[in-house]
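Below: one structure, written as structure tokens.
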2 protein chains.
Amino acid sequence: MNLRDLRYLLAVLEHGHFGRAAEACGVSQPTLSVQLRKLEAELGVALLERGARGVAATAACRSLLPHVRAALAEAEAIQAQARRLRDPLSGPFRLGIIPTLAPYLLPRVLAGLRARLPNLEIEPWEDLTDSLLERLRAHDLEACVIATEPDQPDLLSRPLFAEPFLAALPPAHPLAAFPSVAQEELARDILVLAEGHCLRDQALAVCRTAAGQPMRATSLVTLMHLVAAGYGTTLIPALAAAAAREMGLVLKPLATGASRTLRLVWRARSPHRPAAEAVAESIIALTDRAWETSC
Amino acid sequence: MNLRDLRYLLAVLEHGHFGRAAEACGVSQPTLSVQLRKLEAELGVALLERGARGVAATAACRSLLPHVRAALAEAEAIQAQARRLRDPLSGPFRLGIIPTLAPYLLPRVLAGLRARLPNLEIEPWEDLTDSLLERLRAHDLEACVIATEPDQPDLLSRPLFAEPFLAALPPAHPLAAFPSVAQEELARDILVLAEGHCLRDQALAVCRTAAGQPMRATSLVTLMHLVAAGYGTTLIPALAAAAAREMGLVLKPLATGASRTLRLVWRARSPHRPAAEAVAESIIALTDRAWETSC
DNA sequence: TTTTATGATAGAGTTTATCTATCAGAGAGT
DNA sequence: ACTCTCTGATAGATAAACTCTATCATAAAA
């Protein structure tokens with residue numbers, strides 16, 4: 001069976017006349033005759049009653065018509081949807097983001113992304129780096145934003161921007177009196193996130209220490225609450241500065257100005273690369289020096 | 001676009017592998033490659049992301065999939081329905097019946113028709129002869145039962161059976177005392193149906209008179225009520241005898257044994273002829289001498 | 001680096017659809 | 001009764017499409 005033949009059928013019924021239906025379909029009358037006879041033969045059902053005054057549907061044909069129309073409507077829908085999707089900057093786009101970034105980046109950029117890429121339906125997905133990359137490779141995500149450089153050869157990435165780290169201290173902390181903090185001093189009572197968070201490894205690396213306080217915090221917010229309660233210090237990424245400050249923490253730049261580089265990652269062969277690039281550009285534009293205004 | 005290509009698409013997505021999908025479709029692998037590339041070109045959208053480990057749907061493709069599945073499901077439905085309709089004694093069958101017959105014939109035969117032709121969905125339609133024939137020719141009915149012989153050359157018919165006329169009298173009527181009634185005597189105070197009912201013309205013809213009492217009855221039931229109330233006499237078809245008797249009328253055979261012949265009519269070119277013939281046979285079998293048992 | 005797996009490509013062959021030209025049948029009008 | 005006209009069916013040629021086998025290109029795995 002063929003969508004074309006179904007269109008022929010509807011045309012003949014609509015016009016009640018092979019010749020006019022053929023004209024409407026842009027083919028010759030014998031074409032319709034032959035194809036519709038074939039359709040009847042294939043289905044094993046008489047669909048048309050051919051009279052001298054024109055053509056009419058048989059009862060069987062009438063009972064098939066709803067399905068015929070539905071099939072053609074679905075085909076139409078496919079083409080209409082495809083027309084919309086023809087713009088590479090359109091359609092669903094599942095974007096993974098690490099948890100230490102998502103709550104602080106998304107509010108800043110989502111509205112702007114919608115404005116700049118109105119046809120791209122961005123669906124954010126928050127998870128740890130490893131899970132994100134796994135999902136990305138499993139085609140469960142179109143791209144993701146992480147703070148490390150993926151080493152898998154089937155993934156490509158481009159840097160978005162460097163996000164400075166800031167020392168986060170309780171107001172009463174001795175280091176809070178200085179304009180900046182040296183990493184080694186911070187290392188003494190630093191609190192870090194649970195394993196799997198790239199920020200944990202980065203904080204420890206920045207402070208040149210192997211382990212922080214034996215606390216298990218699974219979110220940056222928890223970590224900041226712990227610091228505010230005086231359990232220790234921590235390192236937070238700049239985009240989280242405003243949230244930290246609202247919780248009463250004192251933020252100080254690091255003496256070395258360490259930062260993490262956020263990257264957008266996608267599959268090397270992904271046809272969504274244009275969309276990914278556009279998303280990257282937009283995020284860069286929308287967050288440019290965002291932390292400077294919030295420091 | 002083509003249903004076949006949509007099936008190819010689903011197969012490739014299901015197997016995640018062109019070769020295995022091709023095997024499942026019973027074609028060669030290059031066929032799938034070529035056809036799916038064409039489909040992508042036609043839609044202008046990348047549907048597949050081809051990787052060394054297999055194939056995956058793009059986000060665009062995923063957003064099309066519901067429509068793809070729906071289109072194929074509708075095509076399936078057409079074929080399934082056609083398979084059912086392949087039996088000529090199946091499917092919808094709109095059957096017109098004249099009003100002086102329908103209420104008395106249908107209760108006798110409908111259950112039997114369902115039993116004998118279980119797949120034929122008979123939809124009765126009650127109307128006057130002229131309307132029925134008009135609808136029949138307009139393909140709004142598959143067949144109809146009337147009591148006259150249609151003279152249109154594009155209609156065919158076959159007789160079902162002869163239905164005798166009976167004189168219907170109020171119990172107090174002088175003619176009620178005799179075993180049978182001569183038409184001329186009945187003619188004096190005969191009540192007939194409104195114009196358009198074939199029974200009106202037949203009653204007048206049987207009684208060899210030009211006009212009955214100036215009463216306008218649009219149904220046999222009304223007519224029988226009038227007779228029961230003593231307004232006059234009438235002629236009723238045998239199948240209505242039981243109903244008339246229940247209303248207290250006295251029924252007498254006519255001296256000449258006049259009757260009307262019921263016929264099943266269908267379009268000469270109708271592919272529903274087998275169903276019509278079967279319906280005719282069934283009606284004959286189911287009503288054979290039905291009035292004898294009710295006289 | 002070789003091997004293996006996978007999809008893409010080329011060219012031939014086959015099937016299918018379409019066209020033009022013509023036919024057959026039924027009404028309509030004379 | 002006899003054309004004339006309208007309508008769909010049919011035949012044969014042509015064109016388009018699909019599909020095949022054989023082979024290639026690429027990338028991951030050994």
Side-chain angles (χ1 to χ4, degrees), chain A residues 1-9 11-42 46-58 61 137-139 150-156 267-271, chain B residues 1-9 11-43 46-58 61 137 139 150-156 267-271:
Chain A
M1 200 173 36
N2 201 314
L3 290 171
R4 176 179 15 83
D5 295 342
L6 299 182
R7 280 190 206 100
Y8 289 168
L9 175 63
V12 166
L13 293 182
E14 189 184 334
H15 292 88
H17 188 285
F18 275 71
R20 281 190 283 281
E23 194 177 5
C25 293
V27 297
S28 69
Q29 168 262 313
T31 298
L32 288 201
S33 282
V34 169
Q35 289 307 110
L36 288 177
R37 283 221 170 271
K38 276 191 197 167
L39 182 61
E40 288 180 301
E42 181 188 345
L47 299 171
L48 299 173
E49 190 175 326
R50 295 145 174 95
R53 303 168 180 283
V55 189
T58 62
C61 181
R137 304 182 78 201
H139 298 260
D151 56 353
Q152 283 133 339
D154 57 345
L155 297 181
L156 293 181
R267 292 183 298 280
R269 308 220 207 175
S270 171
Chain B
M1 198 172 40
N2 201 312
L3 290 171
R4 176 178 16 80
D5 296 342
L6 300 184
R7 281 190 205 102
Y8 289 169
L9 176 62
V12 165
L13 293 181
E14 189 184 332
H15 292 90
H17 188 284
F18 275 71
R20 281 189 285 280
E23 194 177 5
C25 293
V27 296
S28 69
Q29 168 263 313
T31 298
L32 288 201
S33 282
V34 169
Q35 289 307 109
L36 288 178
R37 284 223 169 270
K38 277 192 196 168
L39 182 60
E40 288 180 302
E42 180 189 344
L43 295 179
L47 299 172
L48 299 173
E49 190 175 325
R50 295 147 174 93
R53 304 167 178 283
V55 189
T58 62
C61 182
R137 304 183 78 203
H139 298 259
D151 56 353
Q152 284 135 339
D154 57 345
L155 296 182
L156 292 180
R267 291 184 297 280
R269 308 221 207 175
S270 170

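Convention: sequence-line order gives letters A, B, ...; per-chain numbering from 1. Side-chain atoms are counted along with the backbone in the values below, which use heavy atoms only and exclude waters and symmetry mates.
The CZ-C1' distance, from A:Arg20 to D:dC6, rounds to 10 Å in whole Å. Atoms CG (B:Leu32) and C1' (D:dC18) sit 12 Å apart, rounded to a whole Å. Following rounding to the nearest Å, B:Glu23 (CD) and D:dC20 (C1') show an atom-to-atom distance of 16 Å. Between the CZ atom of B:Arg37 and the P atom of C:dG7 there is a distance of 11 Å, rounded to whole Å. Distance, B:Asn2 CG to C:dT15 C1': 14 Å, rounded to whole Å. Between B:Arg4 atom CZ and D:dA16 atom C1' there is a gap of 13 Å when expressed in whole angstrom units. What separates CG of B:Leu48 from P of C:dA8 is a distance of 8 Å, to the nearest Å. Computed from coordinates, the B:Lys38 NZ to D:dA16 C1' distance equals 9 Å when rounded to whole Å.
Scanning for side-chain hydrogen bond (donor to acceptor under 3.5 Å, both in side chains) contacts around B:His139 gives B:Arg267, with sequence neighbours left out.
B:Gly51 comes within contact range of no nucleotide atom at all, as no heavy-atom separation falls under 4.0 Å.
The number of heavy atoms from other shown groups lying within 6.0 Å of CD (A:Glu23) does not exceed 12.
Residue-to-nucleotide proximity on DNA chain D shows that, of A:Gly16 and B:Asp5, the 5′-proximal contact is made by A:Gly16.
For the residue pair B:Gln35 and B:Thr31, no side-chain donor N or O sits within less than 3.5 Å of a side-chain acceptor on the partner.
The side chain to side chain contact (heavy atoms under 4.5 Å, CB included) test with B:Tyr8 singles out one residue from B:Leu36, B:Leu39, B:Leu3, B:Leu13, and that residue is B:Leu36.
Remark: B:Arg50 is in phosphate contact with C:dA8, judged by side-chain N or O atoms under 4.0 Å from OP1 or OP2.
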Quick test: give all pairs of protein nitrogen or oxygen and nucleotides 19-26 of chain C nitrogen or oxygen below 3.5 Å, distance rounded to 0.1 Å.
unit_1: C:dC19; atom_1: OP2; unit_2: A:Ser28; atom_2: N; d: 2.6
unit_1: C:dC19; atom_1: OP2; unit_2: A:Ser28; atom_2: OG; d: 2.8
unit_1: C:dC19; atom_1: OP2; unit_2: A:Thr31; atom_2: OG1; d: 2.6

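Heavy-atom minimum distance, B:Leu43 versus B:Met1: CD2-SD, 4.3 Å.
Between the side chain of A:Arg269 and the backbone N or O of B:Arg50, at least one donor-acceptor pair lies under 3.5 Å.
Here the straight-line distance linking atom OG of A:Ser270 with atom CG of A:Leu155 works out to 10.5 Å at 0.5 Å rounding.
With D:dG8, C:dT18, D:dT19 as the choices, the nucleotide that has an atom nearest any side-chain atom of A:Ser33 turns out to be D:dG8.
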